[in-house]
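What follows is a set of notes on a single structure, which appears directly below.
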Amino acid sequence: MRRTTAIAALLSAAAALAQDPSESTGEAPGRPYTAAQCDSWLAGILASDADGSGGLGEVEFASFLGGIDDPPHVKEYFADLLADGTGYADLPWLLKVVHKSLACRCQDLGMGENCCELDGAEVPLPAVPPPDGADGGEDGDDVAAMYRVDICNQIAFAFDSVVGRPAGAVPDAGSAGDGTGEAGDE
């Protein structure tokens, strides 16, 4: 098996772990994030494309994570983790997998077969959703909408697994967090 194929299989498995097929929007009960948090994360991704390439490379992805304000315990985690400015190299493995998994969604979004190369793979910027009442039934709009949901699902899953939940938080059903607020083993 080619190295790229093996890595793509790993990334697909990580994406599947982050998704619950019974819930297709950020509004579903049991989500470890709110719609406002998801919107904030999507806006942060758009703002973190420092080189204007249309996607987030590794350094930009770490910058995006370091700029998250909500939830506050996640902000505190990244402020401590990324304090020395080294960025992506300091991220836990799972967050690096999330970066590569989201970057490889470029193929689903019609960006070509070679868009998911290991060196230089970028998380495609989420398309701005159509205004309320606009025709969003085209296949491209549906794929873009699912991609936006996937971004928030994977980010929330990684936060729950890596950062944990604040002390006293009640874990959601099916949540990866143990409710202790302790970061998982890396």
Side-chain angles (χ1 to χ4, degrees), residues 7 10-11 13-20 23 26-28 30-105 118-126 147-186:
I7 291 172
L10 172 66
L11 296 174
L17 288 173
Q19 297 176 9
D20 179 349
E23 302 170 356
E27 298 296 325
R31 280 278 181 238
Y33 61 88
T34 65
Q37 286 171 328
C38 182
D39 290 344
S40 165
W41 298 339
L42 294 172
I45 287 173
L46 292 170
S48 295
D49 182 22
D51 63 6
S53 65
L56 297 188
E58 293 174 350
V59 171
E60 293 166 321
F61 185 69
S63 176
F64 154 68
L65 293 172
I68 289 176
D69 290 328
D70 190 25
H73 73 285
V74 170
K75 177 182 180 173
E76 183 179 316
Y77 174 83
F78 285 111
D80 292 343
L81 180 70
L82 301 173
D84 64 1
T86 57
Y88 189 81
D90 286 340
L91 293 178
W93 178 82
L94 182 59
L95 287 165
K96 292 176 184 178
V97 170
V98 166
H99 176 264
K100 297 306 181 222
S101 175
L102 290 172
C104 287
R105 289 295 307 276
L118 293 178
D119 293 334
E122 293 189 331
V123 174
L125 296 181
Y147 175 62
R148 288 188 300 274
V149 169
D150 192 29
I151 288 172
C152 291
N153 287 346
Q154 288 198 43
I155 289 170
F157 172 80
F159 289 170
D160 208 28
S161 297
V162 172
V163 180
R165 293 181 178 259
V170 177
D172 297 322
S175 169
D178 62 6
T180 64
E182 305 267 327
D185 292 335
E186 299 173 34

Nearest 0.5 Å please: distance from the CG atom of L95 over to the CD atom of Q154. 10.5 Å

Distance col, row S53:OG vs E60:CD, nearest 0.5 angstrom, shows 5.0 Å

Once you round to the nearest 0.5 Å, how far does NZ of K96 lie from CG of D90? 8.0 Å

State plainly whether the residues K75 and D70 are in salt-bridge range, i.e. N to O under 4.0 Å. no

Between K100 and E122, does any side-chain N to carboxylate O distance fall below 4.0 Å? no

Which atom pair, heavy atoms only, marks the closest approach of A103 to A121? CB-CB, 3.9 Å

Taking side chain as C-beta onward, heavy atoms only, is F78 less than 4.5 Å from F159? yes

Side chain S40, main chain A36, donor-acceptor under 3.5 Å: no

Please find the pair of heavy atoms, one from H73 and one from G164, that lie closest to each other, and give the distance. NE2-O, 2.9 Å

Are F157 and C152 close enough that some pair of their side-chain heavy atoms sits under 4.5 Å apart? no

Are the side chains of V74 and Y33 in contact, using a 4.5 Å heavy-atom criterion? no

With a 4.5 Å cut-off on side-chain heavy atoms, are W41 and I151 touching? no

When rounded to the nearest 0.5 angstrom, what distance separates CG in L91 from CG in L82? 6.0 Å

Got L42 and L46 here, is their nearest side-chain heavy-atom distance under 4.5 Å? no

For the backbone of G54 and the side chain of D49, can you confirm whether one donor and one acceptor N or O come within less than 3.5 Å of each other? yes

Donor-acceptor contact present, side-chain H99 to main-chain Y88, <3.5 Å: no

If you define the side chain from C-beta out and look only at heavy atoms, does anything of I45 sit under 4.5 Å from I155? yes

Where do S161 and L94 come nearest, in terms of heavy atoms and distance? CB-CD2, 3.6 Å

The reported gap from OH in Y77 to CG in L65 (rounded to nearest 0.5 angstrom) is 9.5 Å

Atom of F61, atom of V98 and distance for their closest heavy-atom approach: CZ-CG1, 4.2 Å

Given 3.5 Å as the limit, does a donor-acceptor pair link the side chain of Y147 with the main chain of L125, or not? no

Side chains of P92 and L81: does their closest heavy-atom pair fall under 4.5 Å? yes

